Undergrad: 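My questions all concern the structure below.
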Number of protein chains: 2
Amino acid sequence: MRVGELSRRSGVSVASIKYYLREGLLPAGERTGPNQAVYGDDHVRRLRMIRALIDVGGLSVVATRDVLAAVDDPELPLFMALGRASGTTMTAPEPSEEQDEAWAQAERMLAEQVDARGWQVSAENPAWHTAVGVLATYTRLGDADLAQQLGLYMTTMEEVAEREVAAVVDRGDRARTVEGVVVGTVLGDALLAAVRRLAQQHCSLRLLGEAPTHPRG
Amino acid sequence: MRVGELSRRSGVSVASIKYYLREGLLPAGERTGPNQAVYGDDHVRRLRMIRALIDVGGLSVVATRDVLAAVDDPELPLFMALGRASGTTMTAPEPSEEQDEAWAQAERMLAEQVDARGWQVSAENPAWHTAVGVLATYTRLGDADLAQQLGLYMTTMEEVAEREVAAVVDRGDRARTVEGVVVGTVLGDALLAAVRRLAQQHCSLRLLGEAPTHPRG
DNA sequence: GGATATGGACAGTAGAGCTATCCACTCGGG
DNA sequence: CCCGAGTGGATAGCTCTACTGTCCATATCC
């Protein structure tokens, strides 16, 4: 197919497709002449993935490009591609002078919990940095019983991650497998957040008996 | 204190403080003359909260304004403020013509799980819409065993939410309590996501024995 | 009384993410 | 073989967000 049909099938405008081609998110089509090219079903799927990562996952175009580059790199082990995805998904503030003690305290707290659980995680994992940053921000805002919450999050996320990793079966096609992992990771964040909100409404209703109605808008 | 000291103490530039005042994120200081005003510790805390919601939570300035307006509204019940926070935090794509069947299927799947668990959630909760949108996107991308994953997410998030709601003790000052809930909700998303990445690294290492090193950059 | 700071208004800026226009082709129907 | 729609490529422009800078009349502080 050519670009017009690709646009129709993916729901992405021709102008945007050209833009994604320029920015390296979408691989070029197969050339059939000096200024003609054809695209396949892979391009349709790729475009859908791009839109999902940007719209639902909230990734920037650059982050999406990097994630997809990791997906495409056959050298990269499966969960490294995932790690690459984390790096581009997560953003946390840098520690700046006066926050240093909150930062150090947060890092100690996290390290303690990680050690206590015997987790094997590398400090180079961007998620480590993010987690420390979020924890430091929490404490700076004066939030109480944070360690308890962190422990809860780690316990539950370990269960989630264990099942997620176990569910990853190699589908033969490595690219497809990695795609699934990346999509599951990025969209999983959004789904977890949404489900958390629903659970919070349910639990607040059950435990506090507050009004179930929700403000519109 | 006046705006200069407020800037120094909060780490936010005077220009940005003026901008937040204009946009209604920060309440005006107490007037001491026709063109003079003083600010208090509340303003410092509010500024830190603004930066946290924007930088760590990833909210837009407008979303932050709305969340803070809900925090400030003494009429709004506690967990409605939280709901208001969800609405501005979450964004999902709208269903558009050809995705309709995926959308309907996703909505059925979620409703089924919600009913099975006896959750009391309102369809007006923006999180519902978001969850359906994410699920529909998943299916459109052809991901397998999704219901299983959804069930896992709901089970674990129910546990998380239950503990979070139980941990909310009224600190006397309603505004402070709501602040804590909002911060916990928004920053909690980021922390959960980061912890999930760490847990994924740990579990992938444990279950698959892949290289623990992480790509730099 | 003079340097510095302030509140308020408004214009300007940088980056992200497209979108529109132009051009030289080329494909497909008549 | 011709004509109109479509194509790839390049480049310019647009809209939105989140600031940032400038200006000015006043106010504060030494």
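Given the structure is predicted, the values throughout are model-derived calculations rather than measurements.
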Undergrad: Does A/Tyr39 place a side-chain N or O at less than 4.0 Å from the phosphate oxygens OP1/OP2 of D/dG8?
TA: yes
Undergrad: Considering only C/dA24, D/dT20, C/dT19, which nucleotide approaches the side chain of A/Tyr19 most closely?
TA: C/dT19
Undergrad: Should A/Arg46 and A/Asp72 count as an ion pair when the cut-off is N to O under 4.0 Å?
TA: yes
Undergrad: CG of B/Leu26 versus P of D/dC19: gap in Å, rounded?
TA: 13 Å
Undergrad: If you only use heavy atoms from C-beta on, which nucleotide in D/dA18, C/dC18, C/dC10 is closest to the side chain of B/Val61?
TA: D/dA18
Undergrad: A/Ser60 side chain: which of C/dG17, D/dT20, C/dA24 is closest?
TA: C/dG17
Undergrad: Going by atom types alone, do B/Glu107 and B/Trp128 pair a side-chain donor with an acceptor below 3.5 Å?
TA: yes
Undergrad: Which one, C/dG7, D/dG9, D/dT11, comes nearest to the side chain of A/Arg22?
TA: D/dT11
Undergrad: Can you tell me the distance, in whole Å, between the CG atom of A/Leu53 and the P atom of C/dA16?
TA: 18 Å
Undergrad: Go through the side-chain N and O atoms of A/Tyr153 and B/Arg163 and say whether any donor and acceptor fall under 3.5 Å apart.
TA: no
Undergrad: When the distance from CD1 of B/Ile50 to P of D/dA18 is rounded to whole Å, what number comes out?
TA: 13 Å
Undergrad: Could you say whether B/Arg31 or A/Gln36 is positioned toward the 5' end of DNA chain C, judged by the nucleotide with the nearest heavy atom to each?
TA: B/Arg31
Undergrad: Please state how far atom CG in B/Leu25 lies from atom P in D/dT17, giving the value in whole angstrom units.
TA: 14 Å
Undergrad: Consider the side chain of B/Ser16, meaning its heavy atoms from C-beta on, and name the nucleotide among D/dT20, C/dG17, D/dA25 that approaches it most closely.
TA: D/dT20
Undergrad: Could you tell me the separation between the CE atom of A/Met1 and the P atom of D/dG8, rounded to a whole number of Å?
TA: 12 Å
Undergrad: Under 4.0 Å between a side-chain N/O of A/Tyr20 and OP1 or OP2 of C/dC18, yes or no?
TA: yes
Undergrad: So does B/Asn35 get a side-chain nitrogen or oxygen closer than 4.0 Å to the phosphate oxygens (OP1/OP2) of D/dT26?
TA: no
Undergrad: Over how many whole Å does the gap from B/Leu21 atom CG to D/dC19 atom C1' extend?
TA: 14 Å
Undergrad: It should be established whether A/Ser13 places a side-chain nitrogen or oxygen under 4.0 Å from OP1 or OP2 of nucleotide C/dT19.
TA: yes
Undergrad: Of all the nucleotides listed (D/dG8, D/dC19, C/dT26), which has the minimum atom distance to the side chain of B/Arg51?
TA: D/dC19
Undergrad: Using a 4.5 Å cut-off on heavy atoms from C-beta on, say whether the side chain of B/Leu68 contacts that of B/Ile50.
TA: yes
Undergrad: Does C/dG17 have OP1 or OP2 sitting under 4.0 Å from an N or O in the side chain of A/Arg65?
TA: no
Undergrad: Going by atom types alone, do A/Glu164 and B/Gln200 pair a side-chain donor with an acceptor below 3.5 Å?
TA: yes
Undergrad: Would you indicate what B/Gly4 reaches in the nucleic acid, counting non-hydrogen atoms under 4.0 angstrom: base, sugar-phosphate, or nothing?
TA: sugar-phosphate
Undergrad: Looking at C/dT26, D/dT20, C/dG7, which one has an atom nearest to any side-chain atom of B/Val3?
TA: C/dG7
Undergrad: Could you work out which one of C/dT26, D/dG6, C/dT19 sits closest to the side chain of A/Ala15?
TA: C/dT19
Undergrad: Here's a test of your reading of the structure: between B/Arg2 and B/Lys18, which maps to the more 5' nucleotide of DNA chain D?
TA: B/Lys18
Undergrad: In whole Å, what is the span from the CG atom of A/Asp55 to the C1' atom of C/dA16?
TA: 14 Å
Undergrad: Within this structure, what is the CD1-to-C1' distance between A/Ile17 and C/dA20, rounded to whole angstrom?
TA: 16 Å
Undergrad: Does a side-chain N-to-carboxylate-O contact under 4.0 Å join A/Arg176 and A/Asp42?
TA: no
